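Numbers for residues simply follow the sequence, beginning at 1. Owing to the predicted nature of the structure, the values given are computational and were not obtained by experimental measurement.
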Amino acid sequence: MGNLTESVDFLEEKIHKLIKNNESLKKTKEAFQAEVTELKTEVLRLEAKIEQLENTNHSLKTANAMLGSKDYKTETKLQINSLIREIDQCIVQLSE
């Protein structure tokens with residue numbers, strides 16, 4: 001009978017250790033899931049930032065291409081101003 005009691009005590013101790021280990025693993029899993037969620041959010045934010053920077057880069061390249069050499073700098077600026085005025089007129093017409 002003593003051997004049976006020892007076996008039961010041993011099994012209870014093992015079960016308690018397994019339960020504690022399981023709880024610890026659940027907490028670790030939750031922490032990792034929270035970190036994954038944070039990292040996914042960060043990835044989305046960085047992807048949006050990359051897209052914004054690519055658009056800015058494209059705009060700058062276009063502007064530099066339009067400016068051309070120093071000889072045509074004034075003429076190019078006048079053309080850009082003219083385009084801006086046309087865009088402003090379009091916006092006014094759309095808002096009416």
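Contact of the Leu53 side chain with the Asn57 side chain is not registered, since no non-hydrogen atoms from C-beta on lie closer than 4.5 Å. Residues Asp9 and Glu13 fail the side-chain proximity criterion, which asks for heavy atoms closer than 4.5 Å.
Residues satisfying the salt bridge (charged side-chain N to carboxylate O under 4.0 Å, His left out) test with Lys20, not counting sequence neighbours, are none.
Atom-to-atom distance recorded for Phe32:CZ and Thr37:OG1 is 13.0 Å, nearest 0.5 angstrom. Here the CD atom belonging to Glu6 is positioned 10.0 Å from the CG atom belonging to Leu4, to the nearest 0.5 angstrom. Taking CD from Gln89 and CD from Gln93, the interatomic distance works out to 7.0 Å, rounded to the nearest 0.5 Å. Remark: Glu54 CD to Gln52 CD distance equals 11.0 Å, nearest 0.5 Å.
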Name each donor-acceptor pair under 3.5 Å that joins a side chain in residues 21-31 to protein atoms two or more places apart or in another chain, with its distance.
from, atom 1, to, atom 2, distance (Å)
Thr28, OG1, Ser24, O, 3.0

Can you list, pair by pair, the side-chain donor-acceptor contacts under 3.5 Å of residues 42-49, counting residues two or more places apart and other chains?
from, atom 1, to, atom 2, distance (Å)
Glu42, OE1, Arg45, NE, 3.4
Glu42, OE2, Arg45, NH2, 2.6

Hey, mind stepping through Glu35 and Leu39 against side chain to side chain contact (heavy atoms under 4.5 Å, CB included) and telling me if it holds? CA-CA 6 Å; Glu35 185 177 355; Leu39 290 173; 4.0 Å; yes
